[in-house]
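Beneath this line is the structure, given in structure tokens, with notes to follow.
When reading the values below, keep in mind they use all heavy atoms of this one structure, side chains included, and skip hydrogens, waters and symmetry mates. All residue numbers refer to positions in the sequence shown, counting from 1.
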Amino acid sequence: MGQPESREAQQPQLPPGQRLQRGWPVTHYGPVPRFRPDRWEFRVFGATAEQGRHTWTHDEFTALPYTTVVADLHCVTKFSMLDAEWGGVLARTVAEAAPPAGHVTHVMVWAEYGFSSNLRLSDFLDERTVFATHKDGELLTAEHGFPLRLIVPHLYAWKGPKWVRGIEYMTADRRGFWEERGYHNTGDPWREQRYSYQEEPGDGPGL
């Protein structure tokens, strides 16, 4: 009997316009921030269920339940990595520890240097959305987002910022850093939602 074909030999399905990437290119805008564990803090604020702010130190955050998720990563620059193992804290775990108010519809993910990305609450709470600390069993490097990077496998990778520092629960949508600069408000790679000019009614604030 013949051996089963590898995934590569089967020409894995990719979102439209994407190419298979071997290795993991470094892509980011601006400098790599310096990690200071004694000053690092993860915040949950905005429309929380308890109308207050929740914070974790680095030690406290990394003590939350650890989960691994095997998922692809699709970059808007048109490369895709397949079947990476991301390890960290599920977004659902954070939401359970610091729940949103009942009328929350969106989340703004905040990162170093004021970077941000908006997500629908349903995307944030997806079972595979994870605040990653590891890839393939190894700690992320600083260039790839250490100490914390959000992975949202079903959206383009800019929706998961590097160097995340917190989330804001929102009762209405508003655009994040790249969304304000011409990227699509939703960012679904299977619908090739790359740029804001492609948006249709309902895709973004005011549409």
Looking at every heavy atom in both [X] and [Y], which two are closest together, and how far apart are they?
X	Y	result
Val76	Arg194	O-NH1, 2.9 Å
Ala132	Ile151	CB-CG1, 3.9 Å
Lys135	Ala84	CE-CB, 4.1 Å
Pro99	Glu96	CD-O, 3.8 Å
Pro16	Pro189	CD-O, 3.5 Å
Tyr169	Val104	CB-CG2, 3.8 Å

(Q) Using the rule side-chain contact (heavy atoms from CB on, under 4.5 Å), only one of Asn185, Asp123, Val107 pairs with Asn118; which is it? (A)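 Passing option: Asn185.
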Q. For Phe131, which of Ile167, Thr62, Thr67 qualifies under side-chain contact (heavy atoms from CB on, under 4.5 Å)?
A.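 Answer to the side-chain contact (heavy atoms from CB on, under 4.5 Å) test with Phe131 among Ile167, Thr62, Thr67: Ile167.
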Q) Within 45° of the axis and under 6.0 Å from the centre of the six-membered ring of Phe177, does NZ or CZ of Arg181 qualify? A)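 Yes, Arg181 sits over the ring of Phe177.
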Q: Return the set of residues passing salt bridge (charged side-chain N to carboxylate O under 4.0 Å, His left out) with Glu199 (not counting sequence neighbours), or none when no residue passes.
A: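 For Glu199 the salt bridge (charged side-chain N to carboxylate O under 4.0 Å, His left out) partners, ignoring immediate neighbours, are Arg175.
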Q: Kindly state each residue pair satisfying side-chain hydrogen bond (donor to acceptor under 3.5 Å, both in side chains) with at least one member in residues 101-114, sequence neighbours excluded.
A: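 Pairs touching residues 101-114 that pass the test: Trp110-Glu168, Glu112-Arg165.
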**Q.** Whether Phe61 and Phe42 hold their rings parallel, tilted or perpendicular, with breakpoints at 30° and 60°
**A.**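 It falls in the tilted class, 30° to 60°.
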**Q.** Aromatic ring pairing Phe115/Trp178, orientation class (parallel under 30°, perpendicular over 60°, tilted between)
**A.**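 Correct class here is parallel.
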**Q.** Close aromatic pair by centroid cut-off 6.0 Å: His184 and Tyr156
**A.**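 For His184 and Tyr156, the ring centres are not under 6.0 Å apart.
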Q: Examine distances only and state if a side-chain atom of Arg92 and a backbone atom of Leu125 form a donor-acceptor pair shorter than 3.5 Å.
A: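 Yes.
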